[in-house]
Amino acid sequence: MKDLTTVKSAGSRPSIYRSGSGYPDLSISHSKIINVDEKTGKLLSPKNSNSDSFDTFDETHELERGLKSRQAQLLALGGAIGTGLFVGSGSALSTCGPASLVLSYTIMSSVVYFVMNMLGEMTAFLPLPGNGAQSFVNDYLSSSFGFAVGYNYWYAFSILIAAEVTAAAIVIEYWITSVNIAVWITIFLVILTVLNMSSVKYFGEAEFWFASIKLVTLTGLIILGIVLFFGGGPHHDRLGFRYWKHSPFSEHLVGGSTGRFLAVWTAIVKSGFAFICSPELIATTGGECKKPRRNIPKAANRFIYRLAFFYILGTLVISVIVDKNNPDLLSGSGNAAASPFVIGIQNAGIPVLNHIINAAILTSAASAGNSFTYSASRALYSMARRGLAPKIFTKVNRLGVPYYCVMASIAVGCLAYLNVSSTSANVFNWFANITTISGFISWVLVAFAYLRWRKAIKYYELEDRVTYKTILQPYGAYYVIGFIGLVSITNGYGVFFDFNVADFLAAYITLPIIVVLYVGHRIYDYYVNGVKYWVNPMEKVDVLTGLDLIEEEDANEPDPIPKNTLERIWFWIA
């Protein structure tokens with residue numbers, strides 16, 4: 001941004017800028033905190049979060065926000081429910097057993113519950129445009145932690161693109177194995193690029209329908225699982241808990257009770273891939289919605305309950321309809337050609353439905369890849385706007401798309417081409433391990449940031465201005481730090497039983513990357529910026545800037561009043 005004008009804050013008044021958009025029905029607006037020069041009327045933007053000098057605000061460098069409320073909610077939920085459940089769950093079932101699978105998803109749901117609550121509290125308190133997990137770590141811990149976690153998020157989201165493209169290739173191989181997998185990878189990467197280079201208005205609409213298909217499909221599969229459980233299939237074979245009778249907890253790596261415990265622990269690590277980076281999606285979109293102090297708590301609560309419902313029941317259905325010894329499950333030694341849902345439908349003898357479900361899962365992979373491309377590009381854009389990435393990544397096209405950010409994220413997604421030289425199952429497992437540990441580390445840092453935020457609230461005596469408070473805090477934050485910290489350290493423990501360099505790197509490479517990013521920025525901050533402290537002193541933790549504006553905006557914007565019963569139901573849902 002050009003330094004066209006510099007003024008002192010005393011000559012300006014703060015306001016929340018919301019761009020004039022061509023779409024009058026937007027519920028997520030293009031907005032940011034700006035100052036208005038009292039003398040000239042010019043819109044001004046602070047040079048940094050603690051600066052008394054301002055640059056002329058340049059709207060042409062801003063994103064064009066065109067997401068509606070319904071699109072934002074399903075973007076977050078649809079991005080969370082991806083191929084980790086539809087495809088990746090097969091690996092956990094095959095390796096760890098049905099009981100371990102269901103238990104692991106239940107435990108991880110409890111972790112995500114607290115992560116979502118922490119992000120929901122901080123976002124609802126100060127829902128400034130652009131706020132999110134990375135900015136909380138940056139503002140409440142330190143800029144060095146913020147730098148490390150910001151790149152970690154971009155890296156994780158970008159690797160998830162490769163994981164979803166790989167999953168899509170796995171699904172297509174169910175029908176066609178004669179075509180080189182590189183062809184399908186190329187097609188999907190081109191589709192993701194085109195969708196993310198278009199206006200966010202069309203991107204959001206596409207994601208809404210993709211996610212709707214995914215949720216309808218998963219609901220239908222849960223109902224189907226109940227029917228098959230009671231013997232309602234074509235063969236009238238009552239499945240019940242048949243596949244739980246023998247070794248519900250598999251013995252993994254070693255025998256006996258230790259092996260069964262290791263099976264549960266491995267299932268927890270594997271299940272993390274299905275949940276990773278999901279709370280962050282709703283925190284990112286929720287930070288810019290209208291009436292945020294009303295809508296963010298509603299969205300956060302419904303998100304986690306919906307997620308737990310679909311994940312726990314979804315894995316229970318998988319454990320009922322598929323034998324863990326089925327050779328087609330994604331296990332590294334199987335053919336990786338189908339989802340456990342599709343295998344179960346095939347085994348039940350239901351014609352055609354397996355192809356329909358596989359097509360829906362293919363749509364799911366494309367949808368999740370689309371969401372993660374969006375999230376990766378916006379994470380990199382946000383870093384660039386803070387001066388933590390090359391300035392070229394702040395450029396947007398006439399549609400408000402940060403096209404260099406999209407291309408950089410897609411370039412990392414090209415790692416999916418590793419499938420050409422290795423099996424799809426192995427590559428999918430590598431990507432799952434890499435992104436899972438990245439997400440785990442981010443959750444731990446978010447929990448530390450949340451504890452610092454709580455101290456800052458008490459320090460500034462703002463307890464009565466916190467409008468969204470969740471239960472069992474700060475104990476939930478301690479639980480996330482302790483449990484996820486332990487999982488992060490031990491996530492690749494299995495490699496030491498049969499050492500493999502590729503698996504070791506996939507499990508642990510993120511840890512040194514985070515350390516290098518943090519130490520590198522810390523050295524720069526110390527010697528260039530003169531920052532001596534390791535964690536932001538309490539007097540430098542800013543929880544006040546913009547708070548009065550947020551409260552004034554919240555008070556002046558009335559809740560929507562439903563006109564009829566249908567609208568009342570819709571307002572409750574979305």
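Shortest non-hydrogen contact noted between Ala360 and Ile213 is CB-CG2, 4.5 Å. A pairwise comparison of heavy atoms in Asn536 and Ser143 identifies OD1-N, 4.5 Å as the closest pair. Annotation for Val444 and Val480: closest pair CG2-O, 4.4 Å, computed over non-hydrogen atoms. Taking all atoms of both residues into account, the shortest heavy-atom contact from Ala389 to Leu380 is CB-CD1, 4.1 Å. Closest approach of Gly146 to Val137, counting heavy atoms only: N-CG1, 3.8 Å. Across Tyr381 and Thr394, no two heavy atoms sit closer than the pair CE1-O, 3.5 Å.
The shortest side-chain heavy-atom distance between Phe275 and Val115 does not fall under the 4.5 Å cut-off. Counting only heavy atoms from C-beta outward, the side chains of Met116 and Thr470 never approach each other to under 4.5 Å. Side chains of Tyr524 and Ser144 form no contact here, defined as non-hydrogen atoms less than 4.5 Å apart. The side-chain heavy atoms of Ile159 and Phe372, taken from C-beta on, include no pair separated by under 4.5 Å. You'll find the side chain of Tyr526 stays beyond 4.5 Å of the side chain of Val531, heavy atoms only. For the pair Met383 and Phe393, the minimum side-chain heavy-atom distance is 4.5 Å or more.
Remark: side-chain polar atoms of Asn491 are not paired, donor with acceptor, to backbone N or O of Val269 under 3.5 angstrom. When atom types are taken as modelled, the side chain of Ser271 and the backbone of Ile268 share a donor-acceptor pair closer than 3.5 angstrom.
Judged as a side chain to side chain contact (heavy atoms under 4.5 Å, CB included), and not counting sequence neighbours, the contacts of Val466 are Phe125, Trp453, Ile457, Lys469. Residues passing the ring pair (Phe, Tyr, Trp, His ring centres under 6.0 Å) test with Tyr518, sequence neighbours excluded: Phe145. Taking Phe147 as the reference, Tyr151, His521 meet the ring pair (Phe, Tyr, Trp, His ring centres under 6.0 Å) condition, with sequence neighbours excluded. For Arg452, there are no side-chain hydrogen bond (donor to acceptor under 3.5 Å, both in side chains) partners at least two apart in sequence or on another chain. Applying the ring pair (Phe, Tyr, Trp, His ring centres under 6.0 Å) test to Tyr508 and every residue at least two apart in sequence or in another chain returns Phe504. By the side-chain hydrogen bond (donor to acceptor under 3.5 Å, both in side chains) test, Ser109 is found to be paired with no residue, residues two or more places apart in sequence or in another chain being considered. With sequence neighbours left out, Ile513 forms a side chain to side chain contact (heavy atoms under 4.5 Å, CB included) with Tyr155, Ile509, Leu517. Ala477 pairs by the side chain to side chain contact (heavy atoms under 4.5 Å, CB included) definition with Met118, Ala447, Tyr450, Leu451, Gln473, not counting sequence neighbours. Listed by chain and number, the residues in a side chain to side chain contact (heavy atoms under 4.5 Å, CB included) with Ser375 are Phe157, Leu281 (sequence neighbours excluded). Residues satisfying the ring pair (Phe, Tyr, Trp, His ring centres under 6.0 Å) criterion with Phe483, sequence neighbours excluded, are Trp265, Tyr479.
The CD atom of Glu121 sits 13.5 Å away from the CG atom of Leu126 when rounded to the nearest 0.5 Å. Note: Glu164 CD to Leu160 CG = 6.5 Å, rounded to the nearest 0.5 Å. If you take NZ on Lys214 and OG1 on Thr217, they are separated by 10.0 Å, rounding to the nearest 0.5 Å. Considering CZ of Arg378 and CD of Gln134, their distance stands at 16.0 Å, rounded to 0.5 Å. A distance of 11.0 Å separates CD1 in Ile481 from CD1 in Ile484, rounded to the nearest 0.5 Å. Here Phe136 contributes atom CZ and Glu280 contributes atom CD; the two are 11.0 Å apart, rounded to the nearest 0.5 Å.
In this model, a donor atom of one side chain and an acceptor atom of the other lie less than 3.5 Å apart for Asn152 and Ser442. A donor atom on one side chain and an acceptor atom on the other are not found under 3.5 Å apart for Thr373 and Asn370.
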Identify each donor-acceptor pair in which a side-chain atom of residues 183-195 lies under 3.5 Å from a protein atom, sequence neighbours left out, and give them as a table.
unit_1: Thr186; atom_1: OG1; unit_2: Ala182; atom_2: O; d: 2.8
unit_1: Thr186; atom_1: OG1; unit_2: Tyr417; atom_2: OH; d: 2.6
unit_1: Thr193; atom_1: OG1; unit_2: Leu189; atom_2: O; d: 2.8

What side-chain donor-acceptor pairs closer than 3.5 Å can you find for residues 401-415, not counting sequence neighbours?
unit_1: Ser409; atom_1: OG; unit_2: Trp154; atom_2: NE1; d: 3.1
unit_1: Ser409; atom_1: OG; unit_2: Cys405; atom_2: O; d: 2.9

- Please assess Lys540 against Asp139 for the test salt bridge (Lys or Arg N to Asp or Glu O under 4.0 Å), listing each intermediate value before the final yes or no. CA-CA 9 Å; Lys540 288 186 177 292; Asp139 297 341; over 6 Å; no

- side-chain contact (heavy atoms from CB on, under 4.5 Å) between Val543 and Tyr140, worked out: CA-CA 9 Å; Val543 291; Tyr140 305 146; 3.8 Å; yes

- Asn138 and Ser135: side-chain hydrogen bond (donor to acceptor under 3.5 Å, both in side chains), yes or no, with the steps? CA-CA 5 Å; Asn138 186 87; Ser135 60; over 6 Å; no

- Intermediate values then yes/no, side-chain contact (heavy atoms from CB on, under 4.5 Å), Arg465 and Asp548: CA-CA 10 Å; Arg465 298 172 74 173; Asp548 290 339; 2.8 Å; yes

- Evaluate the criterion side-chain contact (heavy atoms from CB on, under 4.5 Å) for residue pair Tyr468 and Met122; output intermediate values, then yes/no. CA-CA 9 Å; Tyr468 180 45; Met122 291 187 288; over 6 Å; no

- Verdict with supporting geometry, Val515 and Leu511, side-chain contact (heavy atoms from CB on, under 4.5 Å): CA-CA 6 Å; Val515 171; Leu511 290 172; 5.7 Å; no

